[in-house]
There are 2 protein chains.
Amino acid sequence: MITEDVIRVVIIEDDEIIRNGYAFLIGKESGFRIVNTYASFEDAALNIKEDDPEVILLDIELPGTNGIDALPKLKKIVPTAFVLILTVYDSEKLIFDALASGASGYLTKNSSASKIVESIREVKDGGGPMSINIARMVIKSFMRNQNSPLSKRETQVLELVGNGKSRSQIAKELFIDLETVRSHIKNIYLKLDVNSRADALKTARLNKLI
Amino acid sequence: MITEDVIRVVIIEDDEIIRNGYAFLIGKESGFRIVNTYASFEDAALNIKEDDPEVILLDIELPGTNGIDALPKLKKIVPTAFVLILTVYDSEKLIFDALASGASGYLTKNSSASKIVESIREVKDGGGPMSINIARMVIKSFMRNQNSPLSKRETQVLELVGNGKSRSQIAKELFIDLETVRSHIKNIYLKLDVNSRADALKTARLNKLI
DNA sequence: TTACAATCACCCCGAAAGGGGGATATTTTA
DNA sequence: TAAAATATCCCCCTTTCGGGGTGATTGTAA
């Protein structure tokens with residue numbers, strides 16, 4: 001076990017200039033040591049166990065196995081490492097995929113060097129750094145449509161539908177009649193112009209009604 | 001229309017000491033003006049339109065209408081205002097409710113004054129500030145359980161169940177037989193020890209399997 | 001190489017649920 | 001006051017659901 005009081009960092013990034021740039025910027029910080037850098041996941045997979053990094057800076061756009069697919073595999077090889085995703089693209093889906101796969105944080109490449117260094121520290125301390133762009137996106141993803149055509153009750157019913165509940169289960173849960181649930185659902189279908197549970201949920205989620 | 005180049009801030013917080021403390025700390029910053037402070041939503045509702053704030057600091061724990069319920073109502077009165085939630089509790093549900101109701105950010109009360117001031121600036125510029133605790137929680141909420149008992153296919157099927165899809169709809173979507181979907185679902189039920197869609201989804205979501 | 005998990009597919013059955021159609025009454029809110 | 005929200009009831013037919021059981025193929029880990 002290596003027990004120096006530096007944070008061991010590995011960088012996986014295919015662009016040589018960016019890779020060396022980050023390595024230089026982070027390496028010169030006291031308290032950090034770049035133990036290795038790799039141009040692809042395949043390269044990293046062979047050696048990274050010996051590197052024993054505490055933090056991995058991982059690019060999304062990699063040749064071969066991309067960052068998102070690499071993430072769970074890296075976690076399997078070095079389970080204790082925190083992974084910081086570093087990318088130029090801040091697409092909603094990518095971010096959520098990365099977080100779902102166990103990324104500890106997500107930074108866009110326009111982040112300043114000091115921001116990145118600060119983020120590594122935060123990650124190491126168990127925090128979750130997110131650049132402003134990412135935070136904004138996450139917040140947006142949680143924001144309900146304020147002009148929902150659905151009433152409170154209808155929204156409530158549709159949420160339970162989203163939980164896989166049947167009409168009778170919903171009725172019990174809301175202390176209303178089975179037939180009332182039915183008419184709520186009928187009204188939901190009318191308003192959303194659909195005629196099935198799946199379509200109602202799809203439309204509702206697309207428009208952030210639930 | 002008021003067109004001074006200061007950020008107009010309103011504070012809604014029932015604790016007088018905290019309220020005045022924030023008012024003082026923020027008011028002395030150049031570029032900020034505390035246009036009003038209120039001890040409850042009810043008080044605020046009467047005057048806040050005239051205050052015309054750009055940023056509202058909103059406490060969650062309020063007498064009468066609580067912060068979460070107040071949020072959409074405030075947004076209705078002053079639609080252009082950014083709302084920053086300020087609370088001692090960082091419970092997962094509260095945060096997500098707040099973000100769903102249109103909060104622009106979420107700060108725990110242990111945040112430093114400078115952090116709060118900085119957050120107001122970020123919010124005004126369209127960013128989404130989140131304190132470390134919150135970011136960590138949000139990230140955690142996105143993180144899938146890496147030791148899911150469900151296979152890839154089963155996870156996929158269960159996700160479609162969560163979209164309200166019927167067996168036949170799932171079969172079509174995955175290009176497999178209706179009966180195959182059935183056996184996947186049966187295996188899911190076995191593994192999760194449930195016997196209905198609703199329970200499967202509940203267990204799966206609780207354990208972050210989907 | 002053996003054994004197990006995963007994926008796929010098929011059969012029977014009865015009960016439950018879903019969706020289309022329609023009507024009506026009370027309360028809340030704009 | 002009129003519209004929207006909420007609640008309840010009826011008919012009908014089709015689909016879906018979940019329980020039971022069986023078995024083939026593939027891939028992978030022990």
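One donor-acceptor pair, N or O on each side, does fall under 3.5 Å between the base of D:dC10 and the side chain of A:Glu179. No hydrogens or angles were tested; on distance alone, nothing pairs the side chain of A:Arg182 with the base of C:dG18 as donor and acceptor under 3.5 Å. Residue-to-nucleotide contacts include no donor-acceptor pair under 3.5 Å from the side chain of A:Lys186 to the base of C:dG18.
For A:Lys191, whose side chain is taken as the heavy atoms from C-beta onward, the closest listed nucleotide among D:dG20, D:dA5, C:dG18 is D:dA5. Minimum atom distance to the side chain of A:Asp177 is reached by D:dC9, of the listed D:dC9, C:dG20, D:dA7. Closest contact between the side chain of B:Arg197 and the listed nucleotides D:dT8, C:dC8, D:dG18 involves D:dG18. For B:Ser196, the listed nucleotide lying nearest its side chain is D:dG18; candidates were C:dA9, D:dG18, C:dG18. Closest to the B:Tyr189 side chain, of the nucleotides D:dG18, C:dA9, D:dA7, is D:dG18. For B:Ser166, the listed nucleotide lying nearest its side chain is D:dC17; candidates were D:dC10, D:dC17, D:dG18.
For the atom pair NZ of A:Lys208 and OG of A:Ser148, the computed distance is 13.0 Å after rounding to the nearest 0.5 Å. Taken to the nearest 0.5 Å, the CD1 atom of A:Ile210 stands 4.5 Å off from the CG atom of A:Leu158.
Annotation: of the two residues near DNA chain C, B:Lys76 and A:Ser183, the 5′-most nearest-nucleotide partner is A:Ser183.
For the residue pair B:Asn145 and B:Asn207, no side-chain donor N or O sits within less than 3.5 Å of a side-chain acceptor on the partner.
Scanning residues 199-210 of chain B for heavy-atom distances under 4.0 Å to DNA chain C yields an empty list.
Ion pair A:Glu159/A:Lys152 not flagged as a salt bridge, since none of the NZ, NE, NH1 or NH2 atoms sits closer than 4.0 Å to an Asp/Glu carboxylate oxygen. By the 4.0 Å N-to-carboxylate-O rule, B:Arg121 lies too far from B:Glu118 to be salt-bridged with it.
Across all strands, B:Thr180 comes closer than 4.0 Å to base atoms (heavy-atom distances). Within the nucleic acid shown, B:Arg153 comes within 4.0 Å of sugar-phosphate atoms alone, with no base atom in reach, counting heavy atoms only.
Distance CD1 (A:Ile185) to P (C:dG20): 11 Å, rounded to an integer number of Å.
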